[in-house]
2 protein chains.
Amino acid sequence: MKIDELNWTILRLLQQNARFTNAEIGRKIGLSSPAVAERIKKLEDVGVISGYKAEVNHIQTGYQLKAFVTLKAFMGKLKPFLDKVKEYKEVLNCYRITGNENLVMEVVLYDQFHLEEFIDRLITYGEVRTSIVLSNVIENNPIGKNR
Amino acid sequence: MKIDELNWTILRLLQQNARFTNAEIGRKIGLSSPAVAERIKKLEDVGVISGYKAEVNHIQTGYQLKAFVTLKAFMGKLKPFLDKVKEYKEVLNCYRITGNENLVMEVVLYDQFHLEEFIDRLITYGEVRTSIVLSNVIENNPIGKNR
DNA sequence: TTTGAAATCAACTATGT
DNA sequence: ACATAGTTGATTTCAAA
């Protein structure tokens with residue numbers, strides 16, 4: 001799909017705040033609210049916009065720690081783990097990756113005891129590397145037209 | 001803030017689809033729409049819900065590659081990079097982390113040439129490790145009450 | 001429950017092929 | 001002449017008081 005300048009602006013705005021009304025967006029880009037609605041609907045239909053999500057502050061919900069955990073699966077252990085990981089509520093995202101490790105997971109945890117217990121669940125499947133998040137340098141930078 | 005069962009359900013629903021109306025949510029959990037509105041407003045005020053974001057499919061927008069890139073900064077190069085990275089449109093998220101590396105970045109790229117050019121920008125600041133994302137095992141699993 | 005605002009739908013208009 | 005993208009105004013639905 002062709003994404004023109006106006007659509008890029010709409011995408012940027014909705015990535016910043018999905019609750020902008022069509023009228024507000026229209027005011028910013030110089031279109032009527034039905035025209036904006038039409039453009040957004042098309043972006044949704046084509047799959048450029050795949051959904052609208054509330055962003056939850058994990059610390060406010062009691063998850064004090066966030067971490068990136070990689071797994072280098074033992075021989076024959078990757079498939080079983082791919083099934084198992086779906087049951088882990090702590091895992092926000094899990095990706096297959098190239099390189100020395102097979103998977104990287106973004107996880108939230110209550111505290112260091114929770115982290116320890118979580119790692120214990122993984123070590124039967126492979127080598128585990130854990131990087132605890134200290135701070136956010138950039139968070140949810142909207143995708144835009146670049147270069 | 002105390003988050004009861006109903007609020008956890010509301011959070012789960014809004015993380016799946018931020019466009020549920022108060023009435024729809026109310027129907028699912030057996031509350032009136034104003035009651036739901038009041039609960040959501042409190043979750044927002046307290047900061048449990050920090051925003052509502054449109055989710056954009058990066059492949060549909062022309063970014064064929066997604067990767068995790070870590071940086072182990074050279075002596076004295078971390079601070080300069082923390083300033084510089086804010087200018088990089090490819091970087092969706094960037095976190096300070098514990099461990100051998102200082103930073104992990106989630107980036108989107110047009111193609112392997114773009115990736116090469118991006119890495120070239122980083123190598124003056126430190127050691128770079130790149131893991132290209134092959135597939136999503138778990139994507140945007142909502143935070144919930146667990147264990 | 002009521003009020004105001006916003007989304008939706010219909011009909012019409014302008015522009016470009 | 002037809003297709004595409006936009007406006008305007010009426011109706012319905014939603015959210016805020």
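We name chains A, B, ... by the order of the sequence lines, and we start the count at 1 in each one.
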Could you check if a side-chain atom of B:L134 sits within less than 4.5 angstrom of a side-chain atom of A:Y95, using non-hydrogen atoms only?
no
When you compare the side chain of A:V104 with that of B:V104, does any pair of heavy atoms fall below 4.5 Å?
no
Take the protein atom [atom1] of [X] and the nucleotide atom [atom2] of [N], then report the distance between them rounded to whole Å.
| X | N | atom1 | atom2 | value |
| --- | --- | --- | --- | --- |
| A:R19 | C:dA7 | CZ | P | 12 Å |
| A:I10 | D:dA5 | CD1 | C1' | 13 Å |
| A:E38 | C:dA7 | CD | P | 15 Å |
| A:N22 | C:dC9 | CG | P | 12 Å |
| B:I40 | D:dA16 | CD1 | P | 9 Å |
| A:Y52 | C:dA7 | OH | P | 11 Å |
| A:L14 | C:dA7 | CG | P | 11 Å |
| A:K41 | C:dT8 | NZ | P | 10 Å |

Would you call the rings of A:Y88 and A:F118 parallel, tilted or perpendicular, where under 30° means parallel and over 60° means perpendicular?
perpendicular
I'd like to know if A:I143 and A:V48 are part of one continuous hydrophobic network [Ile/Leu/Val/Met/Phe/Trp/Tyr, side-chain heavy atoms within less than 4.5 Å].
yes
Between B:E117 and B:Y110, is the side-chain hydrogen bond (donor to acceptor under 3.5 Å, both in side chains) condition met? List the steps.
CA-CA 11 Å; B:E117 184 266 317; B:Y110 286 121; over 6 Å; no
Just to be sure I understand the geometry, which residues of residues 26-35 of chain A put a non-hydrogen atom under 4.0 Å away from DNA chain C?
A:S33, A:P34
Nearest-0.5 Å distance, NZ of residue A:K41 to CG of residue A:N22:
13.0 Å
